[in-house]
Amino acid sequence: MTRRLLVLGAGTAGTMIANRMRRVLDARDWEITIVDKDDVHLYQPGFLFLPFATYRPDQVRRSRHTLLADGIDLVLAGVEQIDAGAGTVTLGDGRVLAYDQLVITTGTSPRPDQTPGMLGDLWRRDVFDFYTFDGAMALQRALQQLTGGRLVVHVTDMPIKCPVAPLEFVFLADAWLRARGMRERTELVFATPLSGAFTQPVAAERLGSLLADRDIRVETDYLVERIDEQGKALVSYDERRIDFDLLVTVPLNMGAEVITRSGLGDELGYVPVDRHTLRSRAYENVFVVGDAADLPTSKAGSVAHFAVETFVHNFPLLVEGREPVDAFDGHANCFVETGNGKGLLIDFDYDTQPLPGTYPLPWVGPMRLLTETRANHLGKLAFRWLYWNALLPGRPIPLPAHMSMRGKDTSLLAAA
Amino acid sequence: MPETMLDGHRIHVDAEGFLTDPAEWDEELADVLAAQIGLTLTDAHWKALHFLRADFAQQGETATLRRVSTLGAIPVKELFALFPGKPAKKMAYVAGLPKPHGCV
Ligand SMILES: Cc1cc2nc3c(=O)[nH]c(=O)nc-3n(C[C@H](O)[C@H](O)[C@H](O)COP(=O)(O)OP(=O)(O)OC[C@H]3O[C@@H](n4cnc5c(N)ncnc54)[C@H](O)[C@@H]3O)c2cc1C
């Protein structure tokens with residue numbers, strides 16, 4: 001009898017897993033089905049560039065159908081309920097799908113409804129997010145009309161996907177305003193719940209000055225309680241007010257509602273998993289890959305990619321009750337746009353913070369870690385092509401899944 | 001990890017003074033740690049600290065403010081009043097637990 005592998009969510013992790021597993025698992029033994037609520041796959045890293053009109057909408061969207069290999073069944077419907085005890089999933093249209101093995105890849109989403117006042121009259125008039133396609137496009141229109149005033153970039157709470165994206169936004173906004181001769185008339189404020197723009201000591205030391213150099217005010221340990229709609233201000237739990245003319249916020253990020261509804265999530269709707277095998281801590285035949293998992297690493301496409309590598313090696317063994325051959329290490333690497341055609345790169349894992357050095361080749365690069373270069377910026381731009389043409393189809397790309405210490409400057413670790 | 005003496009307690013701490021071995025903690029030490037950051041512990045503080053200790057024993061990770069408010073039933077506003085400025089860090093410090101990690 002064929003077994004059924006069901007993947008929930010055809011985003012970054014789900015698409016990679018379905019495509020990779022289709023090659024690994026014999027079609028006579030395994031059916032593979034993947035579910036998503038619509039047929040539009042979005043390249044989310046591109047949302048950073050939409051507000052500044054550096055990317056066109058068609059560069060960040062593709063039909064999910066075109067991204068999945070033959071032999072994978074794509075079902076377009078919202079997932080309503082997961083009954084992990086029974087091994088079934090109920091869809092919005094009432095269909096019930098049974099599975100032998102389930103992979104949850106439903107990601108995380110911005111939830112402006114969780115902060116009082118955020119979704120009110122000011123939403124998409126003076127308050128914007130760029131974590132959704134619509135939000136990024138609405139912000140593009142707002143920026144076109146901006147004449148100055150106070151622009152506040154704000155993070156509601158951690159964890160968020162791509163934790164560096166808000167900083168990148170503020171760097172790009174600074175460069176964009178300068179290029180338009182509007183920087184003098186615009187005050188830039190960055191409000192974060194963390195104790196600094198970067199919290200890991202070596203990165204913080206190296207990068208802290210980037211904000212100061214650009215005359216960006218940083219408000220740290222800032223946890224918003226509500227938005228005062230009349231007064232156009234953020235108000236924190238300890239009553240600090242930050243007035244704004246334009247607010248670009250990253251709302252609270254939460255796992256898919258279906259996770260909480262199905263009793264599978266923690267307080268933010270993320271599924272508790274074993275951090276090395278990505279197997280659910282509650283159900284043997286449930287795995288969670290990408291942003292939907294409660295792993296203590298960044299929620300990022302790069303992490304999803306490295307986690308998929310481990311998953312693909314282990315899955316065939318784990319379902320036979322054998323020992324895994326590989327352990328996920330929390331590896332993340334993120335480009336950080338810093339404006340004016342430059343960028344930084346950071347590379348880290350569960351245990352090791354970002355350090356300076358070179359990537360991916362020790363001492364050669366061509367990317368430099370924790371140093372602003374043009375090559376890093378070009379690397380970020382090249383990633384879109386790689387994403388559509390290599391990563392999602394599951395073609396091998398020459399990046400090691402596990403973090404390597406080669407080429408990294410570890411002398412700073414002792415000093416830190 | 002540096003070993004240090006604090007009011008008669010021999011403890012191991014990290015560079016920022018957070019205990020590295022939660023087993024070295026007891027309630028008497030909590031009073032001492034609280035005094036270090038200018039706090040006098042009341043029942044309301046203890047409710048939060050007990051939640052944090054119990055949750056850590058189960059999860060192996062320090063609870064976030066949101067977790068304390070959702071599962072421990074203490075509103076975030078109150079946590080800010082009890083542990084002013086940086087409640088997540090201050091609670092972890094007094095509870096003898098690792099600093100809660102934010103990402104990058
Ligand atoms: C502005 C921005 C910039 C970013 N920049 C970077 C970057 O530079 N580098 C990087 O590595 N990462 C970046 N990321 C993060 C990256 O996009 C995500 O971490 C990555 O997409 C996570 O993959 P995933 O598969 O876990 O979730 P997703 O790709 O979000 O996929 C989840 C899928 O599940 C579907 N889904 C959810 N609930 C349901 C349901 N109930 N029924 C049916 N379908 C459902 C969704 O429709 C979606 O397709 C960025 C993100 C944003 C928002």
Side-chain angles (χ1 to χ4, degrees), chain A residues 114 155-167 192-204 207 220-226 235-240 252 254 260 266-269 272 275 281 294-300 303 330 332 334 336 346 348 350 353-354 415-416, chain B residues 1-2 13-18 20 22 37-39 44-45 47-48 50-94 97-104:
Chain A
Q114 298 290 310
V155 178
T156 301
D157 203 356
M158 301 305 283
I160 57 170
K161 56 182 152 186
C162 201
V164 291
L167 267 174
T192 169
L194 299 175
S195 298
F198 293 87
T199 52
Q200 303 274 23
V202 175
L207 304 175
T220 55
D221 297 300
Y222 191 87
L223 204 60
V224 72
E225 182 183 16
R226 63 189 173 89
V235 185
S236 68
Y237 283 104
D238 52 357
E239 318 265 327
R240 278 183 278 160
L252 184 67
M254 291 179 79
T260 303
D266 65 11
E267 69 282 0
L268 283 171
R275 62 177 65 175
R281 289 200 226 143
D294 78 335
L295 297 177
T297 183
S298 284
K299 297 193 179 299
V303 176
C334 306
V336 185
I346 53 179
F348 55 101
Y350 287 145
Q353 56 172 308
Chain B
M1 297 295 162
V13 295
D14 68 10
E16 291 175 277
F18 288 83
T20 50
I37 54 172
L39 294 177
H45 291 98
K47 185 177 169 202
H50 285 142
F51 173 80
L52 227 63
R53 291 290 305 186
D55 191 66
F56 183 87
Q58 252 182 13
Q59 303 293 322
E61 264 170 52
T62 306
T64 58
L65 288 188
R66 193 164 297 272
R67 194 169 168 90
V68 180
S69 78
T70 322
L71 302 182
I74 310 172
V76 175
K77 188 106 189 165
E78 193 178 324
L79 295 172
F80 268 90
L82 292 169
F83 301 90
K86 304 181 181 196
K89 265 194 189 172
K90 286 185 175 173
M91 276 191 307
Y93 178 78
V94 179
L97 299 174
K99 187 169 99 175
H101 54 241
C103 293
V104 183

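Order of the sequence lines fixes the chain letters, A, B, ..., with proteins taken first and strands second; residue numbering starts at 1 for each chain.
- Looking only at heavy-atom pairs under 4.5 Å with chain B, the residue among Ala204(A), Ala332(A), Pro193(A), Ser195(A) that has the most is Ser195(A).
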Give the C-alpha distance, both sets of side-chain angles, the deciding distance and a yes or no for side-chain contact (heavy atoms from CB on, under 4.5 Å) between Lys77(B) and Glu239(A).
CA-CA 10 Å; Lys77(B) 188 106 189 165; Glu239(A) 318 265 327; 2.6 Å; yes

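- Only the side chain of Leu65(B) comes within less than 4.5 Å of a heavy atom of chain A; its backbone N, CA, C and O stay farther away.
- Using a 4.0 Å cut-off between charged nitrogen and carboxylate oxygen, Glu267(A) and Arg66(B) do not count as a salt-bridge pair.
- Of the listed residues (Thr64(B), Thr70(B), Val76(B)), the one with the most heavy-atom contacts under 4.5 Å to chain A is Val76(B).
- With Thr297(A) contributing its side chain and Tyr350(A) its backbone, the two residues share no donor-acceptor pair below 3.5 Å.
- Judged purely by atom type and a 3.5 angstrom limit, Tyr237(A) has no side-chain atom pairing as donor or acceptor with the backbone of Leu79(B).
- Residue Ser69(B) does not touch chain A at all, counting heavy-atom pairs closer than 4.5 Å.
- Of the possible donor and acceptor atoms, one in the side chain of Arg53(B) sits under 3.5 Å from a partner among the backbone N and O of Pro22(B).
- By number of non-hydrogen pairs under 4.5 angstrom with chain B, the leading residue of Leu268(A), Asp157(A), Leu252(A) is Leu252(A).
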